[in-house]
Amino acid sequence: VIGNLLDNSIEATTNSDEKEVLMELFYQDEQLEMVVTDTGEGMVDGMVEDIFTKGYSSKGDGRGYGLFLVKESLRNLNGNLHVESKVGSGTTMIVQASYKEGKKGD
């Protein structure tokens, strides 16, 4: 999850004058939150829904599996992902997942 979101953010800044990617991790009350922000081109509203579709990519053929797998991984972890993006202003992806340590023997 972390690797894919960072890779996508780095790639999103390729054509931007300002190239900045920020990742923040927070953990409190058994809740993990990861925020990845970039200064890339941003996305139009309809595109945000499409980026999690298996095989969808704005970057060419043979791509479009990373964010699909991120969403599937988070579903298996009972987590969620929220995207905030605006054309010309970059993108922020917020991941939240609960973590509870198992008891010894679990």
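If you read the sequence from its start, that first residue is 1, and numbering goes on from there.
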Undergrad: Side chain of Lys19, backbone of Thr14: donor and acceptor closer than 3.5 Å?
TA: yes
Undergrad: Applying a strict under-4.5 Å side-chain criterion to I, L, V, M, F, W and Y, I'd like to know whether Met23 and Val95 cluster together.
TA: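 Per the 4.5 Å side-chain linkage, Met23 and Val95 are co-clustered.
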Undergrad: Connecting only ILVMFWY residues whose side-chain heavy atoms lie within less than 4.5 Å of each other, what is the rest of Ile94's hydrophobic cluster?
TA: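 Once heavy-atom contacts under 4.5 Å are chained together, Ile94 belongs with Phe26, Val35.
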Undergrad: Measure the CG-CG distance between Asp50 and Asp45 for me, rounded to the nearest 0.5 Å.
TA: 11.5 Å
Undergrad: Just how far is it from atom OG1 of Thr91 to atom CE of Met47, taken to the nearest 0.5 Å?
TA: 8.5 Å
Undergrad: Are Ile2 and Leu69 linked, directly or through other ILVMFWY residues, by side chains that come within less than 4.5 angstrom of each other?
TA: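 Different clusters: Ile2 never reaches Leu69 through Ile, Leu, Val, Met, Phe, Trp or Tyr contacts under 4.5 Å.
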Undergrad: Nearest 0.5 Å please: distance from the CG atom of Leu32 over to the CG atom of Leu77.
TA: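 One gets 10.0 Å once the value is rounded to the nearest 0.5 Å.
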Undergrad: Calculate, to the nearest 0.5 Å, the distance between atoms NZ and CG belonging to Lys71 and Asn80 respectively.
TA: 7.5 Å
Undergrad: On a heavy-atom basis, which atom in Met34 and which in Val1 lie closest, and how many Å separate them?
TA: CE-CG1, 3.8 Å
Undergrad: Measure the CG-CG distance between Leu6 and Leu22 for me, rounded to the nearest 0.5 Å.
TA: 10.0 Å
Undergrad: For Ser9, what residues pass the side-chain contact (heavy atoms from CB on, under 4.5 Å) criterion, not counting sequence neighbours?
TA: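 With neighbours one apart ignored, the set is Val21, Val36, Asp38.
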Undergrad: Tell me every residue that passes side-chain contact (heavy atoms from CB on, under 4.5 Å) with Phe68, counting only those two or more places apart in sequence or in another chain.
TA: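 Applying side-chain contact (heavy atoms from CB on, under 4.5 Å) to Phe68 gives Lys54, Glu72.
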Undergrad: If you count the non-hydrogen atoms of other residues, nucleotides and ligands that lie under 6.0 Å from CD in Gln28, is the total more than 12?
TA: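 Counting neighbours around CD of Gln28, 12 or fewer heavy atoms of other residues, nucleotides or ligands fall under 6.0 Å, so no.
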Undergrad: Just to verify, what does Glu33 make a side chain to side chain donor-acceptor pair (under 3.5 Å) with, not counting sequence neighbours?
TA: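 Checked Glu33 against side chain to side chain donor-acceptor pair (under 3.5 Å); matches are Gln96.
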Undergrad: List for me each residue that meets side-chain contact (heavy atoms from CB on, under 4.5 Å) alongside Val48, sequence neighbours excluded, and say none if there are none.
TA: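 Once residues adjacent in sequence are excluded, the partners of Val48 under the side-chain contact (heavy atoms from CB on, under 4.5 Å) criterion are Met43, Val83, Ser85.
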Undergrad: Enumerate the residue pairs fulfilling salt bridge (Lys or Arg N to Asp or Glu O under 4.0 Å) with a member in residues 1-11, sequence neighbours excluded, ordered by first and then second residue.
TA: Glu11-Lys59, Glu11-Arg63
Undergrad: Does a side-chain heavy-atom distance below 4.5 Å link Asn4 with Met93?
TA: no
Undergrad: Do you know the tightest heavy-atom contact between Glu41 and Ser16?
TA: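 For Glu41 versus Ser16, the nearest heavy atoms are N-OG, 3.9 Å.
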